[in-house]
**Student:** 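Mind having a look at this structure? Questions to follow.
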Amino acid sequence: MEIDFETIQKKWQKRWEEAEVFSADDNSDKPKFYCLEMFPYPSALGLHMGHALNYVIGDVAARFKKMQGFNVLHPMGYDALGLPAENAAIKDGTPPEEYTSKAIQNYISQQKALGISYDWSRMISTADPSYYKWDQWIFLKMFEKGLAYQKKSPVNWCPKCSTVLANEQVVNGKCWRHEDTKVKIKTLKQWFLKITHYADELYSGIDNLDWPIKTKAMQKNWIGKSHGTEILFDINGKKWPIFTTRPDTIFGVTFMVISANHPNLWDLVTPEKKEEVERLLEKITSVSEKDISKLEKEGAFTGSYAKNPATGEMVPIYVGNFVLADYGSGMVMGVPAHDKRDFEFAKKYNIPIRRVIDGGSGEAFTGDGILINSGEFNGMHSSKAKEKITQWLSEKGLAKKVTQFKLRDWGISRQRYWGTPIPIIHCKKCGAVPVPEKDLPVVLPKEVVFGKGNPLETTKEWINVKCPKCSSDAKRETDTMDTFVNSSWYFLRYTDPKNDEKIFDEKKADYWCPVDLYIGGSEHACTHLIYFRFYTKFLRDLGLINFDEPVIKLFHQGMLLGEGGERMSKSKGNVVEPSTISKEYGIDTARYFLLSLAEPDKDREWSKDGINGALRFIKKIFKTFHKIEIGKDTEDFKGFLNEKISKITKYIENFRYRLATIELKELFERLSAEKSASRESLETCLKLLCPFAPHISEELFEKIGNSGFVSNSSWPLAKKVEKKEEKEDINEKVQQAANSVINALQKKDREIKKAYIYLIPKDFALCQKEKISLPVKFEVFSTADKEKYDPANKAKKARPGLPAVFVE
RNA sequence: GAGGGGAUGCCGGAGUGGUCAAACGGGCCAGGCUUAGGACCUGGUGGCUCUUGCCUACGGGGGUUCGAAUCCUCCUCCCCUCACCA
């Protein structure tokens with residue numbers, strides 16, 4: 001049997017669009033459901049089957065929820081600013097705007113062909129000035145609150161991108177986009193967003209998120225909260241703060257190490273040691289070419305000494321390559337007896353090692369223990385000593401308890417054209433002056449020259465402006481924003497995408513948000529997904545929204561690998577194009593197949609044999625609907641269908657789509673063996689199929705005489721099993737469980753006089769003793785019965801629907 | 001080094017105390033249909049007996065239990081993320 005998939009698909013896609021079946025209603029009494037897939041960067045390459053998978057996973061949830069009676073918001077948009085468009089401009093002269101809008105058009109038509117239930121009327125593009133205007137607006141608000149600021153700082157610079165990279169965009173010292181390009185360190189004046197202002201809240205909020213455990217762990221790790229003590233060391237009459245989590249080891253400090261990148265390093269280097277330190281710094285930068293993790297510790301004496309506030313001892317200060325400049329205070333106290341790194345360093349430079357914690361043996365003992373050689377604190381346990389020593393020093397004004405984070409402020413400056421212009425004007429008199437709100441958006445100039453650094457710098461008519469404050473000659477900021485800025489709040493714009501008065505209407509945002517289900521790759525765990533949360537908290541503090549987290553449930557889709565198990569890529573020639581597959585097999589076949597391969601969060605492999613199997617199934621459905629008589633159901637089939645309804649519903653709710661596809665297969669397999677079935681049952685089958693294979697569901701729904709959309713119909717409810725049946729069910733279970741225990745024991749030749757059966761109170765109430773027959777005498781108890789006979793304490797093993805049994 | 005996740009038949013992967021030799025795919029085998037088939041249909045797919053039955057199996061050891069793939073414990077191995085965070 002041949003099915004004209006193309007015709008069927010186009011027909012229903014057109015009808016859905018004309019009838020606005022998937023438009024989200026801003027005013028509805030229904031409960032809302034906001035389903036969002038991470039919006040794509042529209043590359044000219046278009047999308048392959050792997051991208052399709054992502055959208056199909058979301059679509060199943062959105063369609064399912066809609067049929068369940070939810071008012072569903074399921075939008076799509078494009079993260080359109082960014083490097084590839086600019087690189088295309090440099091390479092073949094296509095203006096970024098043209099490149100982007102072409103790519104977007106291509107994406108839209110490809111996504112429509114997948115039959116995804118988007119509300120296209122809400123489409124957004126971040127390259128649209130009406131969108132990035134609000135990026136600028138948020139920036140101004142942050143500037144106003146002191147959360148956007150400039151500082152000179154060493155930044156990661158990719159020579160290929162010729163721009164700054166965020167820490168998260170540096171992978172093993174290489175650029176995330178150019179695996180072969182080493183990131184260089186440059187010192188530039190950059191714009192930062194003070195995400196650290198929210199570090200504590202970002203950290204503690206993680207626990208309450210319904211997100212994958214792994215992702216939560218990664219974020220916690222990234223934010224890296226740790227508690228410790230900041231101790232002041234006297235160096236040349238000045239107080240230098242040192243962060244430590246082990247104040248209990250203060251008596252074991254025999255040296256200090258300052259980071260080679262510390263901004264105030266040279267304050268400590270004495271003239272005699274200058275040369276030596278310089279030599280070391282040179283060596284460090286050349287050595288850093290190698291694998292950083294295997295670097296040996298290196299250092300040099302600065303010539304200065306620090307006074308240990310606990311002992312009054314003078315200890316030498318070294319400069320070292322293993323101390324991070326931007327964590328803690330950029331300088332550490334060296335306790336070689338109780339820290340592995342300090343131990344290594346001390347051994348190498350013959351620094352004394354003094355044990356102050358009793359325990360362990362051999363090299364550095366890093367555990368907790370009893371203090372020794374620690375003056376009045378001897379005999380105290382580490383855990384207590386941490387408190388006491390901190391207290392003792394703080395009474396002298398030399399220490400305080402502090403919390404440290406690994407999280408750094410977010411550097412958003414990019415020396416690139418195709419990004420959101422930072423709305424700042426630099427004036428010689430007034431400094432950095434914000435562009436007045438009424439002048440937003442600051443629109444990117446169109447006539448620019450690519451290829452020589454940042455094109456904005458050479459566009460004189462754009463750069464040169466008057467200062468908004470004093471009207472003297474001034475220049476625009478030429479840095480643009482990291483594209484992650486654009487994606488940090490887009491979920492809110494979907495709730496009110498066309499508003500040109502405000503960033504969004506508070507009421508609408510309040511109704512739709514937060515996002516109920518967010519689907520996207522786990523690679524964003526420490527980038528987008530942290531910025532997303534940061535922006536949400538900031539906008540909340542502005543009073544625009546009244547929730548704390550953008551996303552309730554987060555889901556990471558698995559990857560689709562090419563046939564043979566390798567990543568799909570053009571160079572490997574294993575890319576599967578949805579349009580090709582759609583013509584040959586039908587897009588519903590592909591949707592069903594993708595989801596039947598593995599659970600949504602697992603990786604899967606494309607296979608020719610596999611899609612053929614799926615096609616067989618789809619054809620079978622068609623055949624069945626062609627030959628089956630619309631009439632009556634058999635009792636058996638009714639029961640079977642009922643069971644499938646409840647299973648499929650449960651599986652979709654729990655994101656076990658693969659198991660749902662298996663149940664569907666069994667259902668239609670069974671249906672194909674029936675001579676006749678009721679119209680209602682046939683409709684039910686199609687409703688269950690609809691989220692997975694919407695086009696053919698619509699087609700067959702129409703064929704059996706419906707004029708509406710199955711997509712608009714309501715999800716079937718499994719009929720509850722009758723009370724009476726539930727009773728019988730319990731009786732049966734009790735009998736079965738008791739029998740299996742008795743049998744097992746009798747086989748072992750154990751003599752059984754009597755069986756005691758324990759049921760949870762609910763089951764006990766349902767159970768009818770008189771209907772149970774066992775080969776031995778027996779008694780039934782409720783687990784709640786305090787008087788019950790239970791010498792082996794078996795009753796606690798009873799579970800709902802499952803009795804516990806004791807025999808003697 | 002720190003954190004997270006895993007280990008089931010030829011393969012992918014269900015299953016979380018009895019109904020498990022283990023769903024469902026894929027592969028493979030046999031038969032049917034066919035001029036032929038990579039198309040379709042049916043059955044089989046740990047071992048021995050081949051009907052009932054028995055043995056061996058869910059990474060390895062130990063334990064709890066009348067009973068464990070499923071619970072506890074130790075071990076081994078694999079994957080992912082961060083990585084000298086003081």
Side-chain angles (χ1 to χ4, degrees), chain A residues 1 167-168 171-172 212-226 228-229 231 242-247 249 256-257 259 291-298 320-335 338-342 344-345 366 404-408 522-523 525-526 565 593 596-599 601-605 607-617 619-620 623 651 656 658-666 669 732-733 736-748 750 752 755 792 794 797 799 802-808:
Chain A
M1 160 174 232
N167 285 334
E168 298 87 319
V171 182
N172 291 328
I213 292 168
K214 192 181 152 197
T215 310
K216 297 211 280 187
M218 280 166 73
Q219 282 213 356
K220 276 203 163 182
N221 222 325
W222 187 263
I223 297 169
K225 183 177 183 176
S226 61
T229 305
I231 300 172
I242 301 298
F243 176 72
T244 179
T245 54
R246 293 299 302 271
T249 63
M256 310 287 287
V257 189
S259 167
D291 192 359
I292 304 161
S293 67
K294 283 173 188 157
L295 258 188
E296 203 184 314
K297 287 170 186 43
E298 297 249 12
N321 65 342
F322 67 100
V323 177
L324 302 174
D326 59 356
Y327 182 74
S329 38
M331 180 158 27
V332 297
M333 58 186 218
V335 186
H338 306 291
D339 183 281
K340 240 185 100 193
R341 297 152 301 184
D342 296 349
E344 269 177 58
F345 194 81
T366 56
Q404 272 292 335
F405 293 94
K406 285 195 228 173
L407 187 70
R408 306 282 71 142
S522 58
E523 69 273 17
C526 298
F593 172 57
S596 71
L597 273 172
E599 291 300 351
D601 57 341
K602 298 284 189 327
D603 291 350
R604 68 211 63 206
E605 207 176 299
S607 110
K608 194 91 178 166
D609 288 326
I611 184 107
N612 270 316
L615 181 61
R616 226 172 287 152
F617 172 62
K619 281 184 175 171
K620 189 164 210 166
K623 273 186 210 160
Y651 286 145
R656 306 298 302 271
R658 196 179 79 93
L659 290 178
T661 64
I662 289 169
E663 297 300 329
L664 279 169
K665 188 163 268 182
E666 286 176 8
E669 200 71 46
E732 216 173 276
K733 276 181 180 162
Q736 207 179 25
N739 257 324
S740 70
V741 173
I742 291 164
N743 284 337
L745 287 176
Q746 279 177 340
K747 263 190 197 169
K748 293 188 178 175
R750 235 175 91 178
I752 297 166
K794 292 278 182 189
K797 292 181 86 177
R799 300 255 196 87
L802 204 86
V805 182
F806 172 68
V807 295
E808 63 173 19

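Naming: A, B, ... by sequence-line order, numbering from 1 per chain.
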**Student:** With heavy atoms under 4.0 Å as the rule, sort A:Val335 into base, sugar-phosphate or nothing.
**Tutor:**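 Since no nucleic acid heavy atom lies under 4.0 Å of A:Val335, the category is nothing.
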**Student:** Watson-Crick or G-U wobble partner for B:A30, using a 3.5 Å limit on both distances?
**Tutor:**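 Pairing partner, where one exists within any strand: B:U42.
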**Student:** Among all residues two or more places apart in sequence or in another chain, which pass the side chain to side chain contact (heavy atoms under 4.5 Å, CB included) test with A:Ser522?
**Tutor:**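 Listed in chain order: A:His556.
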**Student:** Would you say the base of B:C84 and the side-chain of A:Lys297 have a donor-acceptor pair closer than 3.5 Å?
**Tutor:**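 Donor-acceptor pair under 3.5 Å: yes.
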**Student:** Does A:Phe345 have A:Lys297 sitting over its ring (NZ/CZ under 6.0 Å from centre, angle to axis within 45°)?
**Tutor:**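 Here A:Lys297 fails the 6.0 Å and 45° test against A:Phe345.
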**Student:** With a 4.5 Å limit on heavy-atom distance, are the side chains of A:Leu597 and A:Lys602 in contact?
**Tutor:**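 Answer no - side chains too far apart.
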**Student:** Would you mind classifying the nucleic acid contact of A:Ile213 as base, sugar-phosphate or nothing, using non-hydrogen atoms under 4.0 angstrom?
**Tutor:**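 Sugar-phosphate, backbone atoms only, no base.
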**Student:** Do the side chain of A:Asp603 and the main chain of A:Ala598 share a donor and acceptor less than 3.5 angstrom apart?
**Tutor:**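 Answer holds: no.
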**Student:** Measuring from atom NZ of A:Lys608 to atom CG of A:Asn612, what distance do you get when rounded to the nearest 0.5 angstrom?
**Tutor:**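 Rounded to the nearest 0.5 Å, the NZ-CG separation comes out at 7.0 Å.
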**Student:** Could you give me the CA-CA distance, side-chain angles and deciding distance for A:Glu663 and A:Leu659, then say whether side chain to side chain contact (heavy atoms under 4.5 Å, CB included) is met?
**Tutor:** CA-CA 6 Å; A:Glu663 297 300 329; A:Leu659 290 178; 5.6 Å; no
**Student:** Using the P atom as the reference point in each nucleotide, state the distance between B:A39 and B:C28 in Å, no decimals.
**Tutor:**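 My reading of the P atoms in B:A39 and B:C28 gives 10 Å.
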**Student:** What pairs of nitrogen or oxygen atoms, one from the protein and one from nucleotides 23-30 of chain B, lie under 3.5 Å apart?
**Tutor:**
unit_1: B:A23; atom_1: N6; unit_2: A:Arg658; atom_2: NH2; d: 3.4
unit_1: B:A23; atom_1: N1; unit_2: A:Arg658; atom_2: NH2; d: 3.3
unit_1: B:G26; atom_1: OP1; unit_2: A:Arg616; atom_2: NH1; d: 3.4

